[in-house]
Amino acid sequence: MDKMVKRYYQLKKKQKELEQELSELRGEILTHCSSQGVSELETPRYMVKIVHQERKEYDDDKLYAAIPDLEVWRLLSKPDTSKIASLIKLNVITEEKIKDTFSVKQVSLLQVEKK
């Protein structure tokens with residue numbers, strides 16, 4: 001059992017290091033593309049594409065004020081963008097009712113493909 005726990009610990013530590021390095025490289029690639037004014041970049045062996053998305057980030061207090069129905073809150077349990085979108089699609093709540101409960105965050109996704 002000690003071997004398994006030790007290996008798990010080592011892998012989690014390695015995962016953290018890899019995620020940190022990935023984050024740094026992602027930032028450098030995004031900065032480079034931004035400074036060049038491009039959303040696609042081709043190297044001899046790779047194709048880089050930056051896809052921009054918008055994500056809604058809900059304010060718990062504002063959302064609660066806009067949707068005082070406790071039964072709806074029970075369905076949400078916490079603001080979850082996909083659950084909220086589903087409730088809108090099902091006409092349980094309206095987009096108009098919650099229009100002031102979120103901010104829109106711009107997100108850049110980095111896609112790297114091997115040629």
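In this structure, Gln53 places its CD atom where more than 12 heavy-atom neighbours from other residues, nucleotides or ligands lie under 6.0 Å away. Atom CZ of Arg26 sits in a crowded spot, with more than 12 heavy atoms from other residues, nucleotides or ligands closer than 6.0 Å.
Here the side chain of Ser86 pairs a donor or acceptor atom with the backbone of Ser82 at under 3.5 angstrom. In terms of modelled atom types and a separation under 3.5 Å, the side chain of Thr31 and the main chain of Gly27 share a donor-acceptor contact.
Atom NZ of residue Lys49 and atom SG of residue Cys33 lie 12.5 Å apart, to the nearest 0.5 angstrom. In this structure, CG in Asp59 is found 10.5 Å from CG in Asp100, a value given to the nearest 0.5 Å. For the atom pair Arg55 CZ and Ser103 OG, the distance stands at 13.0 Å (nearest 0.5 Å). In this structure, OH on Tyr58 lies 4.0 Å from CD1 on Ile98, to the nearest 0.5 angstrom. Rounding to the nearest 0.5 Å places CD of Glu57 at 4.5 Å from NZ of Lys105.
Looking at Glu54 and Gln106, their side chains come closer than 4.5 Å, going by heavy atoms from C-beta outward. Residues Leu63 and Ile84 have side chains in contact (heavy-atom distance under 4.5 Å, counting atoms from C-beta outward). Within the 4.5 Å cutoff, the side chain of Lys13 has heavy atoms near those of the Glu17 side chain. Ile88 is listed as a side-chain neighbour of Ile93, based on a closest heavy-atom distance under 4.5 Å. Put simply, the side chain of Gln10 reaches to within 4.5 Å of the side chain of Lys6, judged on heavy atoms. The shortest side-chain heavy-atom distance between Leu41 and Tyr46 does not fall under the 4.5 Å cut-off.
When hydrophobic clusters are built by joining Ile, Leu, Val, Met, Phe, Trp and Tyr residues whose side-chain heavy atoms come closer than 4.5 Å, directly or via intermediates, Met4 is not grouped with Leu11. Leu30 is not connected to Val51 by any chain of hydrophobic side-chain contacts under 4.5 Å among Ile, Leu, Val, Met, Phe, Trp and Tyr, and they are in different clusters. Cluster annotation: Val48 and Leu109 are assigned to distinct hydrophobic clusters (Ile/Leu/Val/Met/Phe/Trp/Tyr, side-chain heavy-atom contacts under 4.5 Å, transitive). Cluster membership check: Val38 does not share its hydrophobic cluster with Val107, using side-chain heavy-atom separations under 4.5 Å among Ile, Leu, Val, Met, Phe, Trp and Tyr.
Looking at every heavy atom in both residues, Ser108 comes nearest to His52 through OG-ND1, 3.0 Å.
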Open item on the list: As a quick check of understanding, evaluate side chain to side chain contact (heavy atoms under 4.5 Å, CB included) for Leu18 and Gln15, giving each step before the final call.
Closed with: CA-CA 5 Å; Leu18 289 171; Gln15 178 184 19; 5.7 Å; no

